[in-house]
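Structure first, then comments.
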Amino acid sequence: MPLEKIKVLDLTQVMAGPFCCQLLADMGADVTKVEPPGVGDQARRSMGFTMKGEDTAAFLAVNRNKKSVTLNLKDGEARDIFYRLVREADVLVENFRPGVTRKLGIDYETLKEMNPRLIYASISGFGQTGPYAARAGYDLIAQGMSGVMSVTGEPGRPPVKCGIPIGDLSAGLFCAFGILTAYVARDRTGRGQYIDTSLFEGALALSIWETAELWATGRIPQPFGSAHRLTAPYQALRTRDGYINVGANNQRLWKRLCTAIGREELIEDERFATNERRMANREELAAELESTLRERTTEEWMEVLLEAGFPAGPIYDYRQVFEDEHTLARGMMVEMEHPVEGTVRGLGIPVKLSETPGAVRRAAPLLGEHTRETLRRLGYSEEKIAELEEREAI
């Protein structure tokens, strides 16, 4: 596997950090999740639904392919164990609030003295510097302050967050990207480095079209529902029994859409003659198209539009997504065996490598499942391990 020689220490909790480390683990990295004894990652108990065991489905979703070791990093001897793990690690990922790692003696400046090749990545709400660095950060807050919520939803309606936690997930993705970039750089320099990213920047960095509009026109971008801010028609339109997404993002496809649905006269309509005019008359455009699309079902229009070579798609709920033959053909649902839950499902790996593909090898670990195994590997005796357990250092 492509990352099988990379050793990662995962000190993160909840979503952004665990997601980042799971991406690395899926591609073969040896990821050890270091958790507080007794409680572990707070997502084990406090995030959503449980099934047979105590760990939530949310925890299982972002911690597969990892080992779990429990260490009380406030305990000196447990911290020494952690330092031994640091000396052999390639990567460390943490998402404590800024300043906490320094208090614990596990900050980058301390650890790089032990391991100059260490790549140390921090994910926080707002980053390690700047006026808001000390603030607590959550996905909802990041979406609001990055501008994402200001362009989400229908015009004139109350603020709506993106349906998925885009701040958390994008921060995790960018952090994984940064880690792999630093790993390549280390091959040249022999030195690790510090990586700093945040939920705020993760959400903001995805605001490509919105910032383009702001800086090109001076206008503050507004929400358009399902519509695109740079082209039309590119949105969900009502059919007889639901909605269908249409993607006429150039003049050629606009003409193809009109021809396919039998509305050729719209091609010559001055209101819709160019993309700029169609954008200026979005509501009238949607009304004209929907007056025809309401005559048939979504499935019927799908047949018509796909036959015409026009990009269109239904709007699925998540049950329908995983009933779709393409989802299954692309391996986007996988099954894993868990010691408590039995067979659990998870999302597949979205990047397919032809020579060194990733793989889902095991389900998320039980709390501390690999502590004893790891300490034995480090040379600790059974008596010493029992002593550490007795005083809750591990």
* To do: Output all residues satisfying side-chain hydrogen bond (donor to acceptor under 3.5 Å, both in side chains) with Thr259, sequence neighbours left out; order by chain, then residue number.
  => none

* **salt_bridge(Glu303, Arg296) N-O dist < 4.0 Å** => no

* Structure fact -> With sequence neighbours left out, the residues meeting salt bridge (charged side-chain N to carboxylate O under 4.0 Å, His left out) with Glu387 are Lys384, Arg391

* Asked: What residues form a salt bridge (charged side-chain N to carboxylate O under 4.0 Å, His left out) with Arg238, not counting sequence neighbours?
  -> none

* Asked: Is atom CD of Glu382 surrounded by more than 12 heavy atoms (other residues, nucleotides or ligands) closer than 6.0 Å?
  -> yes

* Should the ring pair Phe126 and Phe200 be called parallel, tilted or perpendicular, given that the plane angle runs from 0 to 90° and is split at 30 and 60? -> tilted

Going by atom type alone, with no hydrogens or angles, which donor-acceptor pairs under 3.5 Å involve a side-chain atom of residues 151-161 and a protein atom two or more places apart or on another chain?
| residue | atom | partner | partner atom | Å |
| --- | --- | --- | --- | --- |
| Thr152 | OG1 | Val148 | O | 2.7 |

Side-chain polar contacts of residues 34-42 - donor-acceptor pairs under 3.5 angstrom, sequence neighbours left out - could you list them?
| residue | atom | partner | partner atom | Å |
| --- | --- | --- | --- | --- |
| Glu35 | OE1 | Asp41 | N | 2.8 |
| Glu35 | OE1 | Arg44 | NE | 2.8 |
| Glu35 | OE2 | Arg44 | NH2 | 2.8 |
| Glu35 | OE2 | Ser68 | OG | 2.7 |
| Asp41 | OD1 | Val14 | N | 3.0 |
| Asp41 | OD1 | Ala43 | N | 2.8 |
| Asp41 | OD2 | Val14 | N | 3.4 |
| Asp41 | OD2 | Lys33 | NZ | 3.1 |

* Check side chain to side chain contact (heavy atoms under 4.5 Å, CB included) between Thr181 and all other residues, then give those that pass, not counting sequence neighbours. => Phe177

* Find out whether Leu11 and Leu73 are in side-chain contact, i.e. whether some heavy atom of one side chain is under 4.5 Å from a heavy atom of the other. => yes

* Asked: How about Ile179 and Ile6: do any of their side-chain heavy atoms sit closer than 4.5 Å?
  -> no

* Can a salt bridge be assigned to the pair Glu109 and Arg102 using a cut-off of 4.0 Å between side-chain N and carboxylate O? -> no

* Mutual orientation of the aromatic rings belonging to His228 and Tyr234 [parallel < 30°, tilted 30-60°, perpendicular > 60°] -> perpendicular

* **Donor-acceptor pair between Asp324 and Gln320 side chains, under 3.5 angstrom** => no

* Do Glu94 and Thr12 get their side chains close enough for a donor-acceptor pair, meaning under 3.5 Å? -> no

